[in-house]
Amino acid sequence: FSDAAPTRMYTLSLPVSLPIFMLVYGGWQAIQLPIDVFPNLNRPRVVILTEAPGMAPEEVETLITFPLETALNGATGVQAVRSSSGVGLSVIYVEFDWDTDIYNDRQIVNERMALVSERLPKGVTPQLAPISSIMGQILIIGMYVGEERTDELTQSPETANAKPTTSTSQQPKRPTTSMELRTLADWVVRRRLLTISGVSQVVTMGGERKQFQVLVNPNDLLRFGVTLHEVKTALQESNQNTTGGYLDEQGPNELLVRVLGRVKNIDDLGRIVVKHRDGQSVVLSQVARIVEGPQTKRGDSSAFRRDATGNLVGGRTVVLTINKQPNADTSKVTIAVQKALKELQQSLPSDVYVLPELYQQKTFIDLSIKNVKEALGHGSILVVIILFLFLLNLRTTFITLTAIPLSIVITALVFYVFGLSINTMTLGGLAVAMGELVDDAIVDVENIFRRLRENRALTNPKPPLLVVFQASCEVRNSIVYGTI
């Protein structure tokens with residue numbers, strides 16, 4: 001008896017300890033798996049962007065796109081080259097084989113671009129777009145100007161505790177202009193979002209892009225004897241700081257000589273020397289009017305949301321499209337972006353609103369996870385009701401319920417081994433398979449329960465584990481074929 005007892009204890013503890021270990025380890029791996037909308041469908045791809053202002057699509061195709069395509073065709077690992085030529089813009093997509101490294105692919109493209117750079121028009125420089133996913137557009141954010149906020153978010157402690165005043169001398173605050181809104185989006189919001197891990201690119205659209213515009217007066221050009229080419233050359237060669245060496249004969253100190261020429265405002269532009277005539281300098285403000293104005297638009301954007309009363313609020317909007325890096329977790333990146341936007345909202349003008357919910361891939365992921373949770377709940381309820389009502393045994397009901405979490409964690413382990421991600425397609429498959437899983441578990445456990453009851457009625461009962469194995473084998477083929 002003493003020799004058989006340890007063997008019996010070990011035999012019974014293994015079926016219990018192994019599932020517990022699988023639940024713990026598989027559950028931890030399931031939490032670590034990346035979450036995305038779709039499986040990784042990205043073949044390594046390098047995108048080349050080339051801007052050529054003023055060129056028609058025909059010239060862009062002939063002078064830029066075709067030479068680049070010719071150089072890229074036949075490069076190591078290249079499977080396909082596709083292009084699109086528009087007004088002043090050439091976009092080339094270079095697709096590589098599945099087993100290639102994206103950074104090596106970009107190096108190959110850079111080498112081919114260097115070979116053809118001398119054949120491109122003057123001033124045209126191709127650039128590689130940031131590494132991004134084909135399904136990388138995870139967020140679309142809107143920024144618009146509305147009514148000034150008066151909640152506690154925009155009030156300082158001193159302002160919040162101050163008593164209201166009835167003075168009429170206080171002027172209302174100037175509303176934020178469309179140009180200022182675009183400047184905030186480009187230089188504040190966009191730069192903050194690019195610092196978030198997993199964000200590949202932030203594209204800004206809409207609003208009025210700020211420019212320093214030089215409006216030349218032809219009459220003044222004639223009066224001062226200045227040509228338009230001289231004005232253009234003066235502007236191109238200005239706006240830079242230069243060094244003038246250093247002074248080393250100043251005792252123990254060494255002084256650095258600098259020539260400051262960076263333009264900071266309109267007044268600095270107006271003081272740029274265009275030409276020397278009769279011993280005097282002709283500056284830009286004498287032949288042109290310099291203003292801050294918006295860049296010529298070729299499109300615009302708008303966005304709306306519903307307020308607490310159900311009315312649409314919004315209008316002309318600056319839209320920011322956020323692309324993620326390949327293999328980045330969509331949910332984690334989205335949460336990080338939302339947190340950053342919440343922090344930025346406090347520093348923005350009180351009449352500037354941010355709409356982070358215009359489009360989010362995370363919404364589809366959350367709905368898929370919700371469907372799986374509902375399938376889990378419905379499956380568990382059906383198992384409890386059917387087994388307990390028909391078998392009247394709590395132990396068999398509990399054993400059947402363990403099949404659901406065990407199957408999920410084993411699926412997570414398979415995903416981890418093969419480097420797969422959790423996405424809407426796999427979650428949908430799990431939701432459908434949950435019903436099949438519950439049916440199989442019920443059939444298997446019910447037959448085992450029946451065979452164990454019959455075994456106890458025998459004069460010489462068989463070992464319980466043998467009965468469980470044989471009972472499971474009886475229905476195994478039927479379960480497998482029925483599931484398939």
Side-chain angles (χ1 to χ4, degrees), residues 130 137-162 164-165 170-212 264-266 292-295 297 299-324 330-363:
Q137 187 174 303
I138 62 172
L139 273 169
I140 296 180
I141 300 168
M143 293 178 61
Y144 74 96
V145 178
E147 296 182 357
E148 187 174 351
R149 296 188 302 273
T150 57
D151 54 11
E152 65 278 1
L153 185 64
T154 61
Q155 293 179 343
S156 62
E158 294 81 2
T159 306
N161 296 327
T165 178
Q170 185 177 4
Q171 297 294 329
K173 183 179 178 182
R174 181 179 62 84
T176 303
T177 64
S178 181
M179 190 185 303
E180 292 171 340
L181 183 65
R182 175 61 185 260
T183 303
L184 283 172
D186 283 334
W187 297 95
V188 178
V189 179
R190 180 177 181 272
R191 289 178 177 267
R192 172 64 181 89
L193 296 180
L194 285 173
T195 63
I196 298 175
S197 176
V199 173
S200 171
Q201 183 62 283
V202 180
V203 180
T204 311
M205 295 178 292
E208 296 179 345
R209 192 174 183 182
K210 181 178 178 180
Q211 287 183 334
F212 286 160
K264 298 181 180 178
N265 48 48
I266 292 177
E292 288 185 2
Q295 183 181 5
K297 286 187 177 181
D300 207 347
S301 59
S302 61
F304 296 88
R305 69 177 177 88
R306 293 192 181 275
D307 57 12
T309 61
N311 298 323
L312 290 175
V313 179
R316 289 188 175 181
T317 313
V318 176
V319 173
L320 295 94
T321 304
I322 301 176
N323 295 333
K324 71 163 190 173
T330 300
S331 295
K332 291 182 180 178
V333 175
T334 302
I335 294 173
V337 169
Q338 291 175 339
K339 181 180 178 182
L341 291 175
K342 187 175 181 181
E343 296 172 353
L344 282 172
Q345 182 71 76
Q346 303 179 13
S347 61
L348 296 177
S350 57
D351 59 347
V352 174
Y353 292 82
V354 179
L355 302 176
E357 68 278 359
L358 291 182
Y359 170 77
Q360 294 183 2
Q361 281 190 2
K362 183 176 179 293
T363 304

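Because the structure is predicted, anything quoted here is derived from the model rather than measured.
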**Message:** Within the structure provided, determine whether Arg192 and Val189 are in side-chain contact (heavy-atom separation under 4.5 Å).
**Reply:** no
**Request:** Check the pair Glu292, Lys210 against side chain to side chain contact (heavy atoms under 4.5 Å, CB included), reporting the backbone distance first and the verdict last.
**Result:** CA-CA 7 Å; Glu292 288 185 2; Lys210 181 178 178 180; 3.5 Å; yes
**Prompt:** Any donor and acceptor pair, going by atom type alone, linking the side chain of Ser301 with main-chain N or O of Thr317 inside 3.5 Å?
**Reply:** yes
**Request:** Evaluate side chain to side chain contact (heavy atoms under 4.5 Å, CB included) for Arg209 paired with Thr204, printing each intermediate quantity in order.
**Result:** CA-CA 10 Å; Arg209 192 174 183 182; Thr204 311; over 6 Å; no
**Message:** Please enumerate all residues that pass side-chain hydrogen bond (donor to acceptor under 3.5 Å, both in side chains) together with Lys264, with sequence neighbours excluded.
**Reply:** none
**Residue pair Val333 / Gly198: nearest heavy atoms and the distance that separates them** = CG2-CA, 4.0 Å
**Gap between atom NZ of Lys332 and atom NZ of Lys324 - 0.5 Å precision** = 12.0 Å
**Request:** Indicate the atoms forming the closest heavy-atom contact of Glu180 with Thr176, along with that distance.
**Result:** OE1-CA, 3.5 Å
**Request:** Side-chain contact test, heavy atoms from C-beta onward, threshold under 4.5 Å: evaluate it for Ile141 versus Val337 and give yes or no.
**Result:** yes
**Request:** Kindly give the heavy-atom pair with the smallest separation between Leu358 and Phe304, and that separation in Å.
**Result:** CD2-O, 4.2 Å
**Asked** With sequence neighbours excluded, what pairs up with Ser347 under the side chain to side chain contact (heavy atoms under 4.5 Å, CB included) test?
**Response** Leu344
**Request:** Please report the closest heavy-atom contact between Leu184 and Pro349, naming both atoms and the distance.
**Result:** CD1-CD, 3.6 Å
**Message:** A side-chain contact here means heavy atoms from C-beta on lying under 4.5 Å apart; do Thr334 and Ile322 qualify?
**Reply:** no
**Asked** For the residue pair Gly207 and Asp300, what are the closest heavy atoms and their distance?
**Response** N-OD1, 3.7 Å
**Request:** Return yes if some donor-acceptor pair links the side-chain N/O of Gln361 with the main-chain N/O of Ser331 below 3.5 Å, else return no.
**Result:** no
**Request:** Taking the side chain as every heavy atom from C-beta outward, state whether Ile138 and Lys362 have any pair of such atoms under 4.5 Å apart.
**Result:** no
**Item:** Considering all heavy atoms, the nearest Pro356-Leu341 contact
**Value:** CB-CD1, 3.8 Å
**Message:** Using side-chain heavy atoms (C-beta onward) and a distance below 4.5 Å, is Arg190 in contact with Gln201?
**Reply:** yes
**Request:** Give, for atom OG1 of Thr321 and atom CE of Met205, the distance between the pair rounded to the nearest 0.5 Å.
**Result:** 4.0 Å
**Prompt:** Can you find a heavy atom in the side chain of Asn323 that is under 4.5 Å from one in the side chain of Pro130?
**Reply:** no
**Item:** Gap separating the OG1 atom of Thr363 from the CG atom of Leu139, nearest 0.5 angstrom
**Value:** 8.5 Å
